[in-house]
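Chain letters run A, B, ... following the sequence lines, proteins first, then strands; residues in each count from 1.
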Amino acid sequence: MTSSFQKRVYKRTREIPQGKIATYQSLARAIDSPHSSRAVGNALNKNPFSSVPCHRVIRSDGSVGGYARGAKSKIRILRKEGIEIDRGHVDLRKFSYTFKK
DNA sequence: CTAATGACCATTA
DNA sequence: ATAATGGCCATTA
C-alpha cells in the first residue's frame with residue numbers, strides 16, 4: 001500500500017525535470033517535513049511507480065547515494081540525462097532543481 | 001506497544 | 001580525503 005507520506009514524496013519527485021536533480025533533504029523540506037530526509041530515502045526505495053524519476057534524488061553532499069537497482073545504474077541514467085558527475089559527485093549549484101514554494 | 005531498519009545528515013576526529 | 005557518532009523519522013517486524 002502507499003501511505004500518505006509516500007504520496008507526498010512521489011508527488012514532489014515527479015516535478016523534477018530531466019537534467020536537474022534534488023537532494024533527499026531539499027525534497028524533505030518540500031513536503032514540509034524538514035527532518036525526514038532518511039525516511040524520504042526509504043520511501044523512494046519502495047517506489048512502485050515508473051512515473052516518478054527517483055534517480056534524480058541524491059545526497060546533500062553531492063554524492064549520488066543509493067538506488068534500488070544499483071548506484072551504477074543511477075549514475076548511468078543521470079549521465080544520459082545530462083548531469084555531469086565528477087568522481088561520484090554532482091555540482092549542486094549547477095544542477096539542483098528548486099522546488100516551488 | 002517496543003525494537004530494528006535504512007537510497008540520510010551534520011559534526012567531530 | 002575517510003571514519004565514527006549521534007540524531008532524525010516513516011516503516012516494518
Side-chain angles (χ1 to χ4, degrees):
Chain A
M1 66 156 279
T2 116
S3 69
S4 162
F5 179 79
Q6 288 173 335
K7 287 190 212 168
R8 270 156 53 221
V9 171
Y10 302 149
K11 182 167 190 173
R12 285 310 227 159
T13 304
R14 261 182 291 230
E15 43 177 280
I16 307 172
Q18 181 177 19
K20 290 283 179 182
I21 55 86
T23 69
Y24 296 101
Q25 187 176 60
S26 71
L27 184 50
R29 285 191 287 244
I31 61 173
D32 300 307
S33 184
H35 305 120
S36 62
S37 60
R38 195 162 190 173
V40 166
N42 286 331
L44 290 178
N45 184 29
K46 298 166 191 162
N47 162 38
F49 305 111
S50 55
S51 59
V52 6
C54 54
H55 59 277
R56 297 183 190 147
V57 186
I58 69 175
R59 290 199 189 192
S60 61
D61 64 356
S63 62
V64 175
Y67 193 59
R69 308 188 328 246
K72 309 266 308 187
S73 170
K74 186 171 181 178
I75 291 174
R76 177 159 28 79
I77 299 171
L78 287 174
R79 284 243 167 82
K80 188 160 62 176
E81 295 189 345
I83 306 293
E84 298 168 21
I85 303 175
D86 172 55
R87 287 174 234 100
H89 283 263
V90 176
D91 186 335
L92 295 177
R93 304 200 145 171
K94 226 173 179 182
F95 298 105
S96 287
Y97 168 70
T98 304
F99 289 100
K100 322 182 138 188
K101 196 149 51 166

A/S26 side-chain N/O to A/A22 backbone N/O, donor-acceptor pair under 3.5 Å: no

Non-hydrogen atoms of A/Q25 and A/S60 that approach each other most closely: OE1-CB, 3.9 Å

Interface residues of residues 92-101 of chain A with DNA chain B (non-hydrogen, below 4.0 angstrom): none

Summary of protein contacts for nucleotides 3-13 of chain C, nucleotide by nucleotide, where a base hit scores B, a sugar-phosphate-only hit scores S (4.0 Å, heavy atoms): ----BBBSSS-

Minimum heavy-atom distance between A/I16 and A/P53, given as atom pair plus value: O-CG, 4.2 Å

Contacts of A/K94 that satisfy salt bridge (Lys or Arg N to Asp or Glu O under 4.0 Å) - sequence neighbours left out: A/E84

Protein-nucleotide distance (A/Y24, atom OH; B/dA7, atom P), rounded to Å: 9 Å

Nucleic acid contacts of residues 77-88 of chain A, taken as heavy-atom distances under 4.0 Å to DNA chain B: none

CA sep, side-chain torsions, deciding dist, call: A/V57, A/I21, side-chain contact (heavy atoms from CB on, under 4.5 Å): CA-CA 6 Å; A/V57 186; A/I21 55 86; over 6 Å; no

Summary of salt bridge (charged side-chain N to carboxylate O under 4.0 Å, His left out) pairs that have at least one residue in residues 1-27 of chain A, sequence neighbours excluded: A/R12-A/E15

Residues clustering with A/Y67 (ILVMFWY side chains joined when closer than 4.5 Å, directly or via others): A/I77

Selection residues 53-62 of chain A - residue pairs positive for salt bridge (charged side-chain N to carboxylate O under 4.0 Å, His left out), sequence neighbours left out: A/R56-A/E81

Contacts of type ring-ring contact (aromatic ring centres under 6.0 Å, His included), residue A/Y10, not counting sequence neighbours: A/F49

All pairs passing salt bridge (charged side-chain N to carboxylate O under 4.0 Å, His left out) where residues 36-48 of chain A contributes a residue, at least two apart: none

side-chain hydrogen bond (donor to acceptor under 3.5 Å, both in side chains) partners of A/S33, counting only residues at least two apart: A/S36

Pairs where residues 70-101 of chain A contributes a residue and the test ring-ring contact (aromatic ring centres under 6.0 Å, His included) is met, not counting sequence neighbours: A/Y97-A/F99

C/dT11 - base-pair partner by Watson-Crick or wobble geometry, distances under 3.5 Å: B/dA4

Any residue of residues 49-71 of chain A with a heavy atom less than 4.0 Å from an atom of DNA chain B: A/C54, A/R59, A/S60, A/G66, A/Y67, A/A68

Closest non-hydrogen atom pair between A/C54 and A/L44, with its separation: CB-CD2, 4.0 Å

